[in-house]
Amino acid sequence: MSLEDWTAREPDDLEAVAAEARRWADSAADSPLYRLFALSIAEDPDMLAVLARIPGVPPMNLLLGSVKLHLSAGDPLAAWYPHLAPRPLAPSREAYLALRSHVLETADAVVAQASGRRTQTNETGRAAVLLPWVAAFAGDEPVHAIDVGASAGLNLGLDRFSYRYTWEGGATTLGRGAPTLECEWRGDGPPLSALPMLASRTGIDIHPVDAADPDQAAWLEALVWPEHQDRLERLRAAIETRRDIDVAMIAGDAAQVLAEVEAGLPPGPLVIWHTVALYQAPPEVQERIDAAVVGIARHRRVLRLGMEPVRGLPDVQVRVGPSFDAARTVATAHAHGRWVEPAYP
Ligand SMILES: C[S@@+](CC[C@H](N)C(=O)[O-])C[C@H]1O[C@@H](n2cnc3c(N)ncnc32)[C@H](O)[C@@H]1O
């Protein structure tokens, strides 16, 4: 769901909220628990009314993230959450009823919590999707990197992580750091032969996350879907790696600060990437970012690499070009980087 979908509807239009909940369920295909929750909420006017009170996008992430953030082992709902239950129960109607009671009994607190948060999931698995294109662009030369919508800037450790790509009939490993990212490359392998070198790392975010702050790190963890313990582990490992690397985090709307940030970098090639971030930005912001990239390309060798959901397409699109909307799709990918399918010309 895009920002426009959410802001375009009337607050009390529960049919529209239900349609959004169903769309969201499609994107949660690899979390059976959340998919069940979203589909059940879509049929439940009381829960839709709670969801409709959450102003941020996507409200389902904010609702379920807020529930997960404050869930304790003693809560009946905890039985379905692997981080709290050693042997979690399989998703069922009972699980939904436990969520329903939990949310309706604490609706004001859950809405207040969800309204004060943003969807800022920082998913390092996406680095495995970016890496082949960053490496091809960089070659042997160090490149500056700007991550637009960087959240906590974890993906700026892209050259410090370890990778294991597998493809039909082959596998390769690169790097020695943590986390290790496993990615299925659905093309001819290997996708790259050496890690790129980053000359500098800059994250731009309208609301940067400080992963060294326990409350903010807890929210990053709460945004990880319950069954995805592997993602939780790599998030924690990436936070550790982040402590050892020098990242300049810039607070601001990328539309306003991108050109200025680039102007402050030393000479050298530049990669500007954004992953599952600009779907949150209205069209005028995206146009201003496009214009900034075009301006930068006049005086610097630059690669703009976007990995974003696109309305009507089931998988995330990886695109290279000055404007994401007009750019060439070079691959489709799993939203958390579990696989990449290159698009051969
Ligand atoms: C869902 S998170 C994804 C974070 C990270 N790119 C990743 O893939 O792990 C989207 C991030 O984009 C940021 N964001 C959205 N619009 C932005 C804008 N106009 N300028 C800068 N950051 C923005 C949000 O604050 C949020 O941290």
Side-chain angles (χ1 to χ4, degrees), residues 1-4 6-7 24 27-28 55-62 64-65 116-131 134 145-158 161 179 181 201-211 216-217 219-225 228 231-232 234-239 241-242 247-262 271-293 304-309 316-318 324 333-338 340:
M1 185 190 50
S2 72
L3 181 67
E4 285 156 275
W6 189 245
T7 50
W24 191 91
S27 71
V57 290
M60 193 69 79
N61 294 60
L62 297 166
L64 297 177
R117 302 278 181 177
R118 295 163 183 251
T119 305
Q120 297 198 273
T121 315
N122 207 175
E123 177 48 65
T124 48
R126 294 170 187 150
V129 177
L130 301 177
L131 188 70
V134 177
I146 298 180
D147 183 348
V148 170
S151 181
L154 301 184
N155 282 332
L156 287 155
L158 157 139
F161 304 153
L181 305 175
R201 309 154 200 274
T202 308
I204 298 175
D205 204 287
I206 214 157
H207 182 259
V209 175
D210 176 4
Q216 297 185 48
W219 177 239
L220 288 180
E221 291 199 8
L223 285 166
V224 174
W225 297 349
H228 298 182
R231 291 178 59 207
L232 206 52
R234 68 193 188 212
L235 170 66
R236 290 174 182 156
I239 290 174
T241 296
R242 170 78 170 76
V247 174
M249 281 300 292
I250 310 293
D253 181 340
Q256 288 169 16
V257 303
L258 178 57
E260 191 185 326
V261 167
E262 180 275 334
V271 183
I272 299 169
W273 73 63
H274 49 96
T275 58
V276 195
L278 292 189
Y279 79 98
Q280 295 184 356
E284 60 275 17
V285 166
Q286 309 215 20
E287 282 160 23
R288 288 184 64 187
I289 292 171
D290 295 353
V293 174
R304 176 183 180 172
L305 179 58
M307 173 189 176
E308 295 285 344
V316 168
Q317 304 288 296
V318 183
F324 182 77
H334 182 271
H336 302 138
R338 295 191 191 278
V340 193

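For ligands, and for the atoms within them, numbers begin at 1 and follow the listed sequence. Computed from heavy atoms alone, side chains included, the values below leave out hydrogens, waters and symmetry copies.
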Hey, is the main chain of [Y] close enough, under 3.5 Å, to the side chain of [X] for a donor-acceptor pair?
| X | Y | result |
| --- | --- | --- |
| Asp205 | Ala152 | no |
| Gln280 | Thr119 | yes |
| Gln216 | Asp210 | yes |
| Glu308 | Ala277 | yes |
| His334 | His336 | yes |

Using side-chain heavy atoms (C-beta onward) and a distance below 4.5 Å, is [X] in contact with [Y]?
| X | Y | answer |
| --- | --- | --- |
| Asn155 | Phe161 | yes |
| Trp24 | Leu64 | yes |
| Ile250 | Thr202 | yes |
| Val209 | Asn122 | no |

[atom]: nearest protein contact (heavy atom, Å):
| atom | answer |
| --- | --- |
| atom 13 (C) of ligand 1 | Asp205 OD2, 3.3 Å |
| atom 19 (N) of ligand 1 | Asp253 OD1, 3.0 Å |
| atom 5 (C) of ligand 1 | Gly149 O, 3.3 Å |
| atom 20 (N) of ligand 1 | Ala254 N, 2.9 Å |
| atom 15 (C) of ligand 1 | Gln280 OE1, 3.4 Å |
| atom 3 (C) of ligand 1 | Thr121 O, 3.3 Å |
| atom 22 (N) of ligand 1 | Ile206 N, 3.1 Å |

Show the atoms of ligand 1 that are less than 4.0 angstrom away from any heavy atom in [X].
| X | value |
| --- | --- |
| Ser151 | 4 (C), 27 (O) |
| Thr275 | 3 (C), 5 (C), 6 (N), 7 (C), 8 (O) |
| Val285 | 19 (N) |
| Gly252 | 20 (N), 21 (C) |
| Ala277 | 10 (C), 12 (O), 15 (C) |

- prompt: Purely on distance, is any nitrogen or oxygen of Gln120 under 3.5 Å from one on ligand 1?
  reply: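 Right, the criterion is met.
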field: Nitrogen or oxygen of Thr119 less than 3.5 angstrom from that of ligand 1
entry: no
field: Which residues share a side chain to side chain donor-acceptor pair (under 3.5 Å) with Glu262, sequence neighbours left out
entry: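 Side chain to side chain donor-acceptor pair (under 3.5 Å) list for Glu262, sorted by chain: His299, Arg300.
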- request: Under the side chain to side chain donor-acceptor pair (under 3.5 Å) rule, collect the residues that match up with Gln256, sequence neighbours excluded.
  value: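 For Gln256, no residue satisfies side chain to side chain donor-acceptor pair (under 3.5 Å) once neighbours in sequence are set aside.
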Could a heavy atom of [X] be found less than 4.0 Å from some atom of ligand 1?
| X | value |
| --- | --- |
| Val148 | no |
| Pro208 | no |
| Arg118 | no |

- prompt: What do the steps show when you test Leu220 against Leu235 for side chain to side chain contact (heavy atoms under 4.5 Å, CB included), and what is the final call?
  reply: CA-CA 8 Å; Leu220 288 180; Leu235 170 66; 4.1 Å; yes
task: Would you mind telling me if ligand 1 is within reach of the side chain of Arg126, the backbone, both or neither, using heavy atoms under 4.0 Å?
output: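 Answer for Arg126: side chain.
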message: Heavy-atom pairs closer than 4.0 Å: do any link ligand 1 to the side chain of Val276, the backbone, both, or neither?
response: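 Backbone only; the side chain of Val276 stays clear of ligand 1.
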